[in-house]
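Residue numbers begin at 1 in each chain, while the letters A, B, ... track the order of the sequences.
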Amino acid sequence: MNVLQQILYMVSATLFVLGVRFLGSPASARRGNALLMGGMGVALLTTLVFIPHFSHVALIVLVVAIGSAIGVVSARRVQMTAMPQMVALFNGLGGGAAALVAAGGTAPSGLADWLARLTMILGSVSFGGSLIAFLKLQEWLNVRPRYFLGLRVAGLVMLAMAVIDGLAGHASGSPALSVLLMLMAAVTGALLTLPIGGADMPVVISLLNGLTGLSAAATGFVLDNPLLIIAGTLVGASGTILTQQMSRAMHRSLGNVIWGQKVVESEGGGSGGPVQPITPEDVAMLLRYARKVVIVPGYGLAVARAQMEVKQVTDLLHGFGVDVLFGIHPVAGRMPGHMNVLLAEANIDYDQLWEMERINPRFRETDVVLVIGANDVTNPAARTQVGSPLYGMPILNVDHAGHVIVLKRSMGRGFAGVDNPLYGDPKTRMLFGDAKHSLGALVRELEGTA
Amino acid sequence: MNVLQQILYMVSATLFVLGVRFLGSPASARRGNALLMGGMGVALLTTLVFIPHFSHVALIVLVVAIGSAIGVVSARRVQMTAMPQMVALFNGLGGGAAALVAAGGTAPSGLADWLARLTMILGSVSFGGSLIAFLKLQEWLNVRPRYFLGLRVAGLVMLAMAVIDGLAGHASGSPALSVLLMLMAAVTGALLTLPIGGADMPVVISLLNGLTGLSAAATGFVLDNPLLIIAGTLVGASGTILTQQMSRAMHRSLGNVIWGQKVVESEGGGSGGPVQPITPEDVAMLLRYARKVVIVPGYGLAVARAQMEVKQVTDLLHGFGVDVLFGIHPVAGRMPGHMNVLLAEANIDYDQLWEMERINPRFRETDVVLVIGANDVTNPAARTQVGSPLYGMPILNVDHAGHVIVLKRSMGRGFAGVDNPLYGDPKTRMLFGDAKHSLGALVRELEGTA
Amino acid sequence: MSPIAELYIFVMAVLAGFQVIAKVPSILHTPLMSATNAIHGIILVGALILALSIHSGAGLVIALLAVFFATINLVGGFVVTDRILGMFRSEREVGPKS
Amino acid sequence: MSPIAELYIFVMAVLAGFQVIAKVPSILHTPLMSATNAIHGIILVGALILALSIHSGAGLVIALLAVFFATINLVGGFVVTDRILGMFRSEREVGPKS
Ligand SMILES: NC(=O)c1ccc[n+]([C@@H]2O[C@H](COP(=O)([O-])OP(=O)(O)OC[C@H]3O[C@@H](n4cnc5c(N)ncnc54)[C@H](OP(=O)(O)O)[C@@H]3O)[C@@H](O)[C@H]2O)c1
Ligand SMILES: NC(=O)c1ccc[n+]([C@@H]2O[C@H](COP(=O)([O-])OP(=O)(O)OC[C@H]3O[C@@H](n4cnc5c(N)ncnc54)[C@H](OP(=O)(O)O)[C@@H]3O)[C@@H](O)[C@H]2O)c1
């Protein structure tokens with residue numbers, strides 16, 4: 001490879017590292033993304049300028065144009081609530097591309113051929129797994145728990161076969177075996193992802209993201225391209241760290257997330273006492289004369305897109321001299337940091353967003369907690385009900401507060417699919433309805449009392 | 001180079017990076033140092049195991065033994081107050097070694113030969129500069145300010161000559177020119193360091209430390225040894241960051257530190273009002289009935305080795321219900337973080353050590369400030385006296401407190417060599433004497449009143 | 001470039017990568033996830049090299065498919081990231097607090 | 001190893017190095033300075049390779065001098081660092097606060 005080309009690739013790699021560095025603070029995050037795009041631009045231009053021969057240019061330009069159009073349109077159109085499945089889909093395509101590049105290239109040395117086969121497996125597993133994650137999150141696919149064990153065993157068997165195929169393919173060099181290898185690996189990914197519960201999906205997506213990164217890095221070894229190695233490794237590191245942090249926030253081991261835990265079907269648990277509804281008028285009264293209020297947002301807030309109404313409520317309460325804070329659970333929503341993105345959109349001050357460890361001791365001295373579309377992250381079963389899928393996950397202890405108001409549409413369950421005894425707590429009142437609508441009513445009531 | 005050898009060197013490089021990582025928190029710092037030593041052990045063993053031929057083994061073992069003995073003994077014997085010059089000396093030897101290795105090796109390719117010459121210059125500059133830093137800090141050497149400009153000009157001329165010699169030597173390959181090159185570069189380092197004021201020396205040492213690191217990295221390029229590249233770069237990065245942070249803390253640019261600023265000899269400024277001494281008895285009274293006390297330690301505390309007495313005073317005051325904090329200036333003492341090391345030795349809680357930005361607003365509500373062997377870092381001239389060498393440096397605003405008690409031996413000046421108007425402030429009382437002795441008296445008084 | 005050199009680069013990338021990513025606060029984990037998702041679109045470099053240099057029919061289909069997938073990954077990933085970060089924008093315009 | 005590979009390693013070392021060092025709090029800057037001072041004693045590796053493989057007289061003197069200097073740097077640097085860190089020890093034995 002040309003020296004100048006190598007140096008330009010190095011510039012690109014440096015831009016990637018610095019870009020991620022700048023992503024590390026809200027003030028510079030956009031600049032970080034610009035650096036990443038710059039790095040990508042340098043990499044692509046360098047590749048095109050230094051390529052020795054050009055065949056099928058028209059065809060390739062066409063494919064790139066169609067791909068870009070699809071990418072832009074789908075990324076623009078997707079709703080914020082569907083972001084996780086979008087990321088999963090893009091990730092799967094990246095993994096597929098890595099596998100195909102490894103399959104299509106001619107790997108000269110023995111070592112490179114081994115790595116090419118590894119890439120085919122990693123990339124295809126990521127492809128298959130991501131597609132299933134997408135379908136499940138999109139709720140186009142549902143699997144009965146009684147098939148789980150079978151699927152997992154089949155997945156492992158398939159993986160073993162793919163590995164054997166890889167060994168055989170390395171010896172014979174047959175292209176047919178390579179295609180078979182990728183198919184089997186993709187099926188492996190799909191089978192292993194199928195039984196994973198929706199609530200665990202973000203962890204799996206982050207894991208698959210890291211896997212795609214590693215397969216890109218492995219492709220770098222195959223193609224002798226240090227830029228791919230560095231960029232892929234960066235993604236691998238990010239996947240590893242995010243996966244770890246999410247598992248820890250859910251108080252589960254990674255193995256437990258992937259292999260699943262024994263779910264004791266505790267249908268009978270119920271919600272304890274009778275459910276007590278409340279009117280927006282009464283909620284407004286309660287809030288207006290409270291001293292300390294904590295708002296706990298959850299996935300439902302994202303669905304309702306009610307962040308602006310939350311901001312209005314907060315401002316009104318501040319006007320009454322009420323002390324308002326937000327309690328942010330690390331896995332509230334569907335992606336890490338989901339609630340922060342949402343509330344930032346509504347211009348809510350970072351200083352008001354308190355993390356779980358920090359807010360939990362304060363609930364005892366809180367007069368009213370407003371739970372907006374959050375469910376699992378407030379479920380006291382996580383503390384008490386051994387055998388519940390949530391058991392052991394640290395939660396926001398909203399039930400320690402004086403009053404708990406829950407805004408949701410129905411008695412529907414959260415992502416983990418279990419009942420929430422909080423709703424039967426004598427302290428709790430339910431304000432049923434779409435969060436945007438309920439909060440709107442609340443704003444009018446609060447303005448009326450002003 | 002053998003693949004196994006390369007991999008072992010890679011392990012060593014990883015240990016270095018992780019070691020520095022662990023140095024980043026007090027709880028793991030010792031483990032970090034152990035990792036660094038482990039990395040060094042792996043590197044040295046690997047080198048010896050894979051060397052192709054052994055000549056002069058006995059001689060080398062002897063030299064290593066003598067060198068180790070000197071290293072251990074001098075490092076053990078040195079007083080904590082003389083640590084900076086010790087580091088300077090070791091650093092200079094490292095730079096000298098790098099230059100010699102570059103000179104002694106046979107550099108085959110053109111690029112490597114250029115780098116070898118660069119290393120000879122960098123390493124020798126570091127050698128010469130560090131030796132002078134050592135001599136000046138040890139106070140074995142002193143230079144009149146009127147020679148400063150001449151020294152600096154001569155240093156630059158010498159540097160230019162060394163560079164020309166480097167160009168000529170590259171062309172001719174003559175060993176004599178190499179020796180001359182190193183001599184001239186060493187003299188350059190010495191000449192440029194001679195005029196630098198004692199107070200700026202720690203910055204220079206850190207800079208020279210980085211320079212030695214870079215020359216080790218350059219040697220790595222010459223010898224085709226990635227371990228040297230990584231380890232050297234790590235040191236280079238550390239030198240750069242520490243130098244920057246120290247300059248910033250002194251509110252000076254690096255260029256200003258090296259080239260020096262115009263010192264307006266303001267002998268006449270004096271100390272303002274008359275100096276008022278105080279007895280330990282009165283100090284004890286003042287402290288005992290204060291609500292908030294801040295202790296400001298400085299270099300004199302290190303000289304007096306009075307940290308244990310400080311701890312005793314703190315404990316006694318806590319016993320009386322007095323709120324005691326420490327105000328730590330970033331360049332108090334003679335090395336970055338010097339005061340923290342010292343107070344940690346006396347088991348003083350980290351939480352009590354407040355950094356400058358944090359403690360400064362508190363002085364207004366502080367009843368008594370106890371300045372122990374600090375001078376420059378409390379000098380209000382830094383705020384008011386344009387032209388003073390300290391002007392512009394952020395200081396601890398002890399003069400905002402109700403009472404200021406200064407413990408020092410005499411009216412002697414601080415490191416920057418300027419008078420301190422604080423001592424003439426009507427609020428200030430001087431407790432003259434060695435800090436250990438004065439604090440001992442204070443302890444007895446406080447115990448007496450208990 | 002020798003495999004051992006690439007191994008060194010990989011190890012250093014691991015060390016730099018973990019450092020740099022561990023520093024990202026959880027507030028920014030959503031954009032981090034989607035930005036790193038875009039970064040592995042770098043595989044487009046490999047796909048382009050393959051597609052531009054290949055001759056055979058079956059190989060070409062594989063290469064074009066790789067280009068197609070990688071392009072969607074790359075372009076879509078960056079657009080999504082930019083959208084997410086756009087939500088932080090108003091926050092920045094207000095200026096830093098505290 | 002090719003110069004370009006070494007350049008890559010250097011750049012990655014710069015990126016990793018700055019990250020890792022910027023994380024060290026100012027409390028620990030004294031041990032950091034003395035530890036990195038010890039690290040460049042790694043030049044002993046180069047000095048030993050030189051000394052063990054050289055034949056000529058003048059070259060040998062240079063090599064031995066390099067070994068001598070590098071050894072003092074390395075050994076002394078680590079001993080000093082350990083002494084400084086020793087002062088933090090009692091703090092650790094007391095156990096972490098807060
Ligand atoms: N954030 C992450 O990174 C991450 C990662 C892994 C797993 N997870 C999982 O995701 C879950 C997050 O918990 P969560 O408490 O935020 O959400 P949740 O448990 O999924 O509950 C969301 C609730 O919002 C309500 N809701 C939906 N649309 C609404 C609307 N328009 N208006 C009002 N309410 C609405 C739903 O009840 P109704 O249908 O009755 O309205 C539902 O019970 C956890 O199980 C967590 O483990 C998240
Ligand atoms: N820490 C760093 O990293 C660093 C870096 C660069 C520069 N510096 C420079 O170093 C200086 C540090 O300021 P500083 O306020 O800590 O120290 P300082 O200005 O050097 O003053 C120390 C004072 O301690 C007194 N003293 C000496 N021995 C004593 C003893 N045994 N008992 C009692 N008092 C004693 C001396 O006065 P007597 O002789 O009257 O007793 C002297 O005035 C600054 O100028 C700073 O710029 C430090």
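H56(A) places a side-chain N or O within 3.5 Å of a backbone atom of I54(C) that can act as its donor or acceptor partner. Side-chain atoms of R76(A) do not come within 3.5 Å of backbone N or O of V79(C) as any donor-acceptor pair. Judged purely by atom type and a 3.5 angstrom limit, S55(A) has no side-chain atom pairing as donor or acceptor with the backbone of S53(C).
Residue I51(A) touches chain C through its side chain alone, counting heavy-atom pairs closer than 4.5 Å. Contacts between V78(A) and chain C at a heavy-atom distance below 4.5 Å involve backbone atoms as well as side-chain atoms. Heavy atoms of P330(A) lying under 4.5 Å from chain C are absent altogether. For chain C, no part of R334(A) is nearby; none of its heavy atoms comes within less than 4.5 Å. Using a 4.5 Å cut-off between heavy atoms, L242(A) touches chain C through its side chain atoms alone. In this structure, chain A has no heavy atom under 4.5 Å from any part of A58(C). Of the two parts of S206(A), the backbone and the side chain both hold a non-hydrogen atom closer than 4.5 Å to a non-hydrogen atom of chain C. Contact of S215(A) with chain C is not made at all, since no heavy-atom distance falls under 4.5 Å. With a threshold of 4.5 angstrom between heavy atoms, F50(A) does not approach chain C through any atom at all. For M37(A), the parts sitting under 4.5 Å from any heavy atom of chain C are the backbone and the side chain alike. The part of L60(C) that comes within reach of chain A is its side chain, from C-beta onward, which places non-hydrogen atoms under 4.5 angstrom from that chain. Heavy-atom distances place no part of A63(C) under 4.5 Å from chain A, backbone and side chain included. Residue contact with chain C, scored on non-hydrogen atoms closer than 4.5 Å, is absent for M339(A).
Here the straight-line distance linking atom CG of N209(A) with atom OG of S34(C) works out to 9.5 Å at 0.5 Å rounding. One distance of note links CG of L48(C) with CG of L44(A); it measures 6.5 Å at 0.5 Å rounding. Put simply, CG on L48(A) and CD1 on I49(C) are 9.5 Å apart, with the number rounded to the nearest 0.5 Å. For the atom pair L228(A) CG and E6(C) CD, the distance stands at 10.0 Å (nearest 0.5 Å). Rounding to the nearest 0.5 angstrom, the gap separating the CD1 atom in I229(A) from the CD1 atom in I42(C) is 12.0 Å. Atom CE of M33(C) and atom CG of L23(A) lie 14.0 Å apart (nearest 0.5 Å).
Looking at every heavy atom in both residues, L28(C) comes nearest to A29(A) through CD2-CB, 4.2 Å. I60(A) and A51(C) get closest at one heavy-atom pair: CD1-CB, 3.5 Å. Closest non-hydrogen pair, A97(A) versus A66(C), comes out as CB-O, 3.6 Å. For A35(C) against L36(A), the heavy-atom pair with the smallest separation is CB-CD1, 3.9 Å. Residues N73(C) and F90(A) approach most closely at CG-O, 3.4 Å, considering heavy atoms.
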Stepwise, does the side chain to side chain contact (heavy atoms under 4.5 Å, CB included) test hold for N225(A) with M1(C)?
CA-CA 8 Å; N225(A) 188 325; M1(C) 210 173 270; over 6 Å; no
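N340(A) has its side chain out of reach of T30(C): every pair of non-hydrogen atoms, C-beta onward, lies at least 4.5 Å apart. For the pair V20(A)/I39(C), a side-chain contact is recorded, criterion being any heavy-atom separation below 4.5 Å from C-beta on. Put simply, the side chain of P31(C) does not reach to within 4.5 Å of the side chain of N33(A), judged on heavy atoms. Within the 4.5 Å cutoff, no side-chain heavy atoms of M246(A) are placed close to those of H29(C). Considering only heavy atoms from C-beta on, H40(C) comes within 4.5 Å of N91(A) through its side chain.
Contact tally against chain C (heavy-atom pairs below 4.5 Å) for I328(A), L223(A), V64(A): the top residue is V64(A). With respect to chain A, the highest number of heavy-atom pairs below 4.5 Å among I9(C), L52(C), L65(C) belongs to L52(C). Contacts with chain C were tallied for V235(A), L89(A), T47(A); V235(A) has the most, counting heavy-atom pairs under 4.5 Å. Chain C forms the most heavy-atom pairs under 4.5 Å with one residue out of I70(A), V73(A), V101(A), and that residue is V101(A). Contact count versus chain A (heavy atoms, under 4.5 Å) is highest, among L74(C), I21(C), V20(C), V24(C), for I21(C). Your options are A98(A), P52(A), A216(A), and the one with the most heavy-atom pairs under 4.5 Å with chain C is A98(A). Of the listed residues (A16(C), A5(C), S2(C), P25(C)), the one with the most heavy-atom contacts under 4.5 Å to chain A is P25(C).
In this structure, F69(C) and F127(A) have parallel ring planes: the angle between them is below the 30° cut-off, well short of the 60° mark.
Residues that satisfy the side chain to side chain donor-acceptor pair (under 3.5 Å) test with S126(A), not counting sequence neighbours, are T212(A). By the side chain to side chain donor-acceptor pair (under 3.5 Å) test, S178(A) is found to be paired with no residue, residues two or more places apart in sequence or in another chain being considered.
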